[in-house]
Amino acid sequence: MTVLVYFLFLSGSSISLLQNATNGTRAPVTTEPPFPGDKYAIDDTYLHSECPENLRARIAKIPEFKDVFLGTVPLLQWNKHATQQEYQRLSRYNGAHGWEVISFEDLKAALSYLNTSANAFMFDDWEKRPNKSSCIRCAVIGNGGILNGSRKGEEIDQHDYVFRANGAIIKGFEKDVGTRTSFYTFSTNTMKNSLYAYHRLGYIGLPQSEETRYVFLPDHNRDYYLVKAAILNAPIEKGSDKSQKPPTYFGENGRPEKFKMYHPDFIRYVRNRFLWAHILKTSHRNIYRPSTGATMLLAAIHSCDEVSAYGFITEDYVKYSDHYFDRAYHKLVFYSNHDMKLEMKLWKKLHNYGIIKLYTREQDAR
Ligand SMILES: *[C@@H]1O[C@H](CO)[C@@H](O)[C@H](O)[C@H]1NC(C)=O
Ligand SMILES: *[C@@H]1O[C@H](CO)[C@@H](O)[C@H](O)[C@H]1NC(C)=O
Ligand SMILES: *[C@@H]1O[C@H](CO)[C@@H](O)[C@H](O)[C@H]1NC(C)=O
Ligand SMILES: *[C@@H]1O[C@H](CO)[C@@H](O)[C@H](O)[C@H]1NC(C)=O
Ligand SMILES: CC(=O)N[C@H]1CO[C@H](CO)[C@@H](O)[C@@H]1O
């Protein structure tokens with residue numbers, strides 16, 4: 001198939017490529033066209049891997065995914081993205097999928113603080129690491145009950161980077177889930193909900209370590225207000241969290257290098273091409289987005305060279321409690337803001353193709 005590429009001139013001297021992938025007869029499998037806004041800015045950062053067998057090279061060879069997967073979709077947004085032209089393009093999309101949630105002035109104010117190379121690249125500390133290899137190996141940890149008793153902690157910690165999200169309780173569960181957190185993924189909303197709902201189970205604060213980076217999944221204006229306040233180490237200026245102090249969450253880490261923000265193009269791409277749910281055809285479409293865990297796992301797939309996923313939903317999910325940290329069995333409840341069954345099928349498929357290594361109990365039995 002032909003992918004039609006055209007140029008769009010942005011302010012100043014920067015030229016940005018937008019890719020029109022709606023042209024052509026690609027055979028989408030997990031999604032169906034036409035996808036709203038299936039056109040994304042281009043960022044080729046992760047195409048330059050030194051790892052010969054990197055998973056992006058492998059996924060591009062799989063017929064089912066070769067026209068779904070876009071190696072150039074931008075993962076992160078930072079100051080260079082805050083232009084009028086880009087705002088016009090993206091302010092049409094709701095929630096995490098665009099910038100409808102934030103005014104141009106507030107967007108600019110927030111992204112202007114994401115102005116270091118660390119804001120533009122997931123693995124900003126890679127060059128400084130003494131033990132780096134040619135392949136970046138990532139462990140992505142969901143909070144699923146399948147991890148209870150898994151004894152996978154040591155294996156998890158041996159990866160180059162460890163991704164976690166939301167109510168990722170570590171204390172007391174080290175043997176099963178490991179100790180390190182390289183990336184903590186959250187939206188302000190999910191982070192606050194986790195602190196509220198799981199406080200009594202031990203989620204008393206976000207992971208804080210030298211290597212920890214905080215990755216926002218911005219789905220509301222409060223995320224843009226919080227990231228700015230966090231970098232400035234100052235109270236939040238606007239919105240429903242006004243006057244709250246971000247060091248409460250991130251420690252006294254107020255430097256731009258600690259923070260990253262997913263690009264709305266990435267979230268919309270994930271929704272359109274990997275997790276296009278039935279609800280999107282109904283009048284409730286606006287409550288839907290890919291789950292935080294799914295976004296985090298797909299971000300790893302689009303940046304790491306090897307990905308192992310632990311604590312993600314598997315077909316035998318009824319056997320396990322909702323979370324690994326539950327004290328008593330709680331059955332997993334499906335809400336319509338995410339589509340966990342669709343996510344389950346995707347992980348299984350990616351595992352069967354050898355793109356990710358999905359932790360299941362059957363592997364243990366072997
Ligand atoms: C993208 O390609 C399709 C199919 O060729 C075309 O109809 C559409 O106008 C294009 N969109 C843009 C924004 O160029
Ligand atoms: C980033 O923005 C801040 C605040 O405007 C400024 O003080 C700093 O010098 C900028 N850093 C870079 C690398 O441009
Ligand atoms: C790599 O080195 C860092 C820093 O010394 C250490 O924290 C981490 O555990 C090491 N990673 C692996 C995979 O050995
Ligand atoms: C976690 O595993 C232990 C040991 O297998 C089991 O006794 C306990 O019920 C499990 N917890 C939950 C919440 O399922
Ligand atoms: C299938 C299809 O519509 N392909 C078109 C994609 O765009 C190129 C360039 O405009 C056309 O030549 C193809 O026919």
Side-chain angles (χ1 to χ4, degrees), residues 10-14 45 76-83 102 104-122 124-125 127-128 141-156 166-178 194 197-203 213-214 216 224-238 246-247 250 252-261 293 310-334 340 359-365:
L10 296 181
S11 61
S13 60
S14 69
T45 305
L76 301 173
Q77 58 176 328
W78 64 93
N79 70 327
K80 84 155 190 184
H81 294 111
T83 66
I102 184 95
F104 181 58
E105 288 65 36
D106 289 337
L107 173 81
K108 237 176 112 149
L111 296 194
S112 72
Y113 291 93
L114 299 173
N115 62 352
T116 70
S117 54
N119 305 119
F121 183 47
M122 286 300 281
D124 60 274
D125 65 350
E127 288 308 319
K128 282 184 268 167
I141 320 302
N143 296 331
I146 193 172
L147 279 173
N148 175 26
S150 70
R151 294 293 180 263
K152 287 287 159 187
E154 215 177 299
E155 184 180 305
I156 287 169
N166 296 333
I169 306 178
I170 290 172
K171 198 170 185 305
F173 300 92
E174 294 88 346
K175 285 202 168 66
D176 291 340
V177 306
S194 300
Y198 312 129
H199 191 274
R200 119 200 114 76
L201 299 175
Y203 197 65
R213 305 286 186 266
Y214 300 98
F216 280 82
Y224 294 91
Y225 301 147
L226 177 58
V227 78
K228 175 182 166 188
I231 292 171
L232 286 173
N233 256 320
I236 296 165
E237 284 170 6
K238 295 177 88 158
F250 311 111
E252 303 293 333
N253 280 319
R255 41 196 182 94
E257 289 83 0
K258 289 293 259 185
F259 300 93
K260 304 180 197 291
M261 240 184 185
Y310 303 83
F312 280 82
I313 183 170
T314 52
E315 281 173 330
D316 58 352
Y317 65 86
V318 284
K319 288 202 237 162
Y320 316 108
S321 191
D322 190 356
H323 304 110
Y324 64 78
F325 48 76
D326 292 334
R327 299 252 165 91
Y329 178 90
H330 279 283
K331 126 177 142 176
L332 175 63
V333 178
F334 295 93
M340 302 307 283
Y359 172 67
T360 61
R361 286 298 175 113
E362 285 91 74
Q363 284 166 7
D364 277 358

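First listed ligand is number 1; within each ligand, the first listed atom is number 1. Numbering starts at 1 and runs along the sequence shown. Since the model is a prediction, treat every value here as computed from it, not as a measurement.
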Visitor: So is Ala328 close enough to ligand 4, meaning a heavy atom under 4.0 angstrom away?
Guide: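 Within the 4.0 Å threshold, so yes.
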
Visitor: Let me see the working for Glu237 and Lys228 under salt bridge (charged side-chain N to carboxylate O under 4.0 Å, His left out), right down to the final yes or no.
Guide: CA-CA 9 Å; Glu237 284 170 6; Lys228 175 182 166 188; 3.1 Å; yes

Visitor: Among all protein non-hydrogen atoms, which one is nearest to atom 1 (C) of ligand 2, and what is the separation to 0.1 Å?
Guide: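 The protein heavy atom lying closest is Asn115 ND2, 1.4 Å.
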
Visitor: Are Lys175 and Ser150 close enough that some pair of their side-chain heavy atoms sits under 4.5 Å apart?
Guide: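 No. Closest side-chain heavy atoms not under 4.5 Å.
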
Visitor: Ile102 versus Tyr225: any side-chain heavy-atom pair under 4.5 Å?
Guide: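 Yes, at least one pair of side-chain atoms sits under 4.5 Å.
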
Visitor: Does some non-hydrogen atom of the protein lie less than 4.0 angstrom from atom 11 (N) of ligand 4?
Guide: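 Yes, there is one.
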
Visitor: Name the orientation class of the two ring planes belonging to Phe259 and Phe216 (parallel below 30°, tilted from 30 to 60°, perpendicular beyond 60°).
Guide: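 Tilted.
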
Visitor: Under a 3.5 Å threshold, yes or no: a donor from one side chain and an acceptor from the other, between Asn148 and Tyr320?
Guide: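 Side chains of Asn148 and Tyr320: no pair found under 3.5 Å.
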
Visitor: Atom 13 (C) of ligand 4: which protein heavy atom is closest, and how many Å away?
Guide: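 Checked against all protein heavy atoms, atom 13 (C) of ligand 4 sits closest to Asp326 O, 3.2 Å.
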
Visitor: Among all protein heavy atoms, pick the one closest to atom 5 (O) of ligand 2 and tell me residue, atom and distance.
Guide: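 Its nearest protein heavy-atom neighbour is Tyr113 CE2, 4.5 Å.
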
Visitor: With a sphere of 6.0 Å drawn around CD of Glu154, does it hold more than 12 non-hydrogen atoms of other residues, nucleotides or ligands?
Guide: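 No - once you tally the heavy atoms of other residues, nucleotides and ligands closer than 6.0 Å, there are 12 at most.
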
Visitor: For Tyr329, counting its heavy atoms only, list the atoms of ligand 4 lying under 4.0 Å from any of them.
Guide: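 Under 4.0 Å from Tyr329, ligand 4 has these atoms: 13 (C).
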
Visitor: Heavy atom to atom 8 (C) of ligand 4, shortest distance: which of Asp176, Asn148, Asp322, Leu147 holds it?
Guide: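 Checking each option, the heavy atom nearest atom 8 (C) of ligand 4 is found in Asn148.
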
